[in-house]
Amino acid sequence: MKIYLEIPVKAVPHQSVRVTKRGFTYQPKKIKDYKKLIAELVRERLPDHFCVIGAGTPIVVNRLHYVFEYPKSMPKYKQKFGTFKTTKPDLHDNLNKALFDALEGVLWEQDQNICWLRDVRKIYGDANKIELEIECLSD
């Protein structure tokens with residue numbers, strides 16, 4: 001089974017858990033809102049008959065492109081789709097963590113079932129979006 005999703009949202013990096021003066025931990029509101037938005041947008045785009053991918057099912061991420069809008073300071077002649085974004089946020093640690101956590105319970109039961117990341121990029125484009133294509137190795 002293959003699933004392709006285009007999520008029209010700007011990717012937000014995952015931040016560490018914050019600690020209050022009294023020692024309580026909490027997740028920043030920005031991250032909570034981002035995860036909730038991702039979950040809602042993915043639910044809207046999934047087929048009606050879709051069931052959450054169960055634990056123990058190997059998942060391959062064939063394509064994961066974080067597309068960021070061109071910065072206003074970038075000249076028009078340099079604006080080519082697919083130009084790599086070499087500035088922050090960090091690709092593997094921060095961006096993937098937030099997205100995979102948001103999809104847990106919506107697309108898959110556990111993000112630990114992801115066993116292969118094939119094409120992961122952070123690029124510039126016309127609009128902010130996340131392109132995701134996954135494949136289950138067994139049904």
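Quick caveat: nothing in here was measured; it's all calculated off a predicted structure. What you see below is based on every heavy atom in this structure, not just the backbone, and it leaves out hydrogens, waters and symmetry mates.
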Any non-hydrogen side-chain atom of [X] less than 4.5 Å from a side-chain atom of [Y]?
{"X": "Glu135", "Y": "Arg118", "result": "yes"}
{"X": "Val9", "Y": "Leu41", "result": "yes"}
{"X": "Leu99", "Y": "Leu95", "result": "no"}
{"X": "Glu69", "Y": "Asp126", "result": "no"}
{"X": "Phe84", "Y": "Arg121", "result": "yes"}
{"X": "Glu131", "Y": "Arg63", "result": "yes"}
{"X": "Glu133", "Y": "Glu6", "result": "no"}
{"X": "Thr57", "Y": "Leu137", "result": "no"}

Original post:
Passes side-chain contact (heavy atoms from CB on, under 4.5 Å), Leu64 versus Phe100? Steps please.
Top reply: CA-CA 11 Å; Leu64 178 54; Phe100 292 166; 4.0 Å; yes
Looking just at side-chain N and O atoms, do [X] and [Y] make a donor-acceptor pair shorter than 3.5 Å?
{"X": "Asn96", "Y": "Tyr66", "result": "yes"}
{"X": "Tyr77", "Y": "Gln79", "result": "no"}
{"X": "Asp119", "Y": "His65", "result": "yes"}

Give the minimum heavy-atom separation between [X] and [Y], together with the two atoms involved.
{"X": "Thr83", "Y": "Lys78", "answer": "OG1-O, 3.9 Å"}
{"X": "Tyr34", "Y": "Ala11", "answer": "OH-CA, 3.7 Å"}
{"X": "Gly82", "Y": "Ile123", "answer": "O-CG2, 3.8 Å"}
{"X": "Lys80", "Y": "Tyr70", "answer": "C-OH, 3.1 Å"}
{"X": "Ile53", "Y": "Met1", "answer": "CG1-CE, 4.1 Å"}
{"X": "Ala127", "Y": "Val67", "answer": "O-CG1, 3.4 Å"}

**OP:** Report yes or no: is the cationic atom of Lys85 (NZ for Lys, CZ for Arg) under 6.0 Å from the centre of the six-membered ring of Phe68, at an angle within 45° of the ring normal?
**Re:** yes
Determine whether [X] and [Y] fall in the same hydrophobic cluster, where Ile, Leu, Val, Met, Phe, Trp and Tyr are linked whenever their side-chain heavy atoms lie under 4.5 Å apart.
{"X": "Tyr26", "Y": "Val12", "answer": "no"}
{"X": "Val42", "Y": "Val52", "answer": "no"}
{"X": "Val60", "Y": "Tyr4", "answer": "no"}

Enter the distance from [X]:[atom1] to [Y]:[atom2] here, rounded to the nearest 0.5 Å.
{"X": "Ile7", "Y": "Asn128", "atom1": "CD1", "atom2": "CG", "value": "13.0 Å"}
{"X": "Asp111", "Y": "Leu103", "atom1": "CG", "atom2": "CG", "value": "9.0 Å"}
{"X": "Asn113", "Y": "Glu104", "atom1": "CG", "atom2": "CD", "value": "9.0 Å"}
{"X": "Ile31", "Y": "Arg18", "atom1": "CD1", "atom2": "CZ", "value": "8.5 Å"}
{"X": "Ile134", "Y": "Ile59", "atom1": "CD1", "atom2": "CD1", "value": "5.5 Å"}
{"X": "Leu5", "Y": "Leu107", "atom1": "CG", "atom2": "CG", "value": "6.0 Å"}

Original post:
Hey, mind stepping through Trp108 and Ile114 against side-chain contact (heavy atoms from CB on, under 4.5 Å) and telling me if it holds?
Top reply: CA-CA 9 Å; Trp108 45 66; Ile114 297 171; 3.7 Å; yes
Subject >> Residue pair His14, Lys35: steps toward the side-chain contact (heavy atoms from CB on, under 4.5 Å) verdict >> reply: CA-CA 10 Å; His14 193 278; Lys35 288 180 180 180; 3.5 Å; yes
**OP:** Give a yes or no on this: more than 12 heavy atoms of other residues, nucleotides or ligands lie within 6.0 Å of atom CZ of Phe24.
**Re:**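 For Phe24, atom CZ is not crowded (no more than 12 foreign heavy atoms under 6.0 Å).
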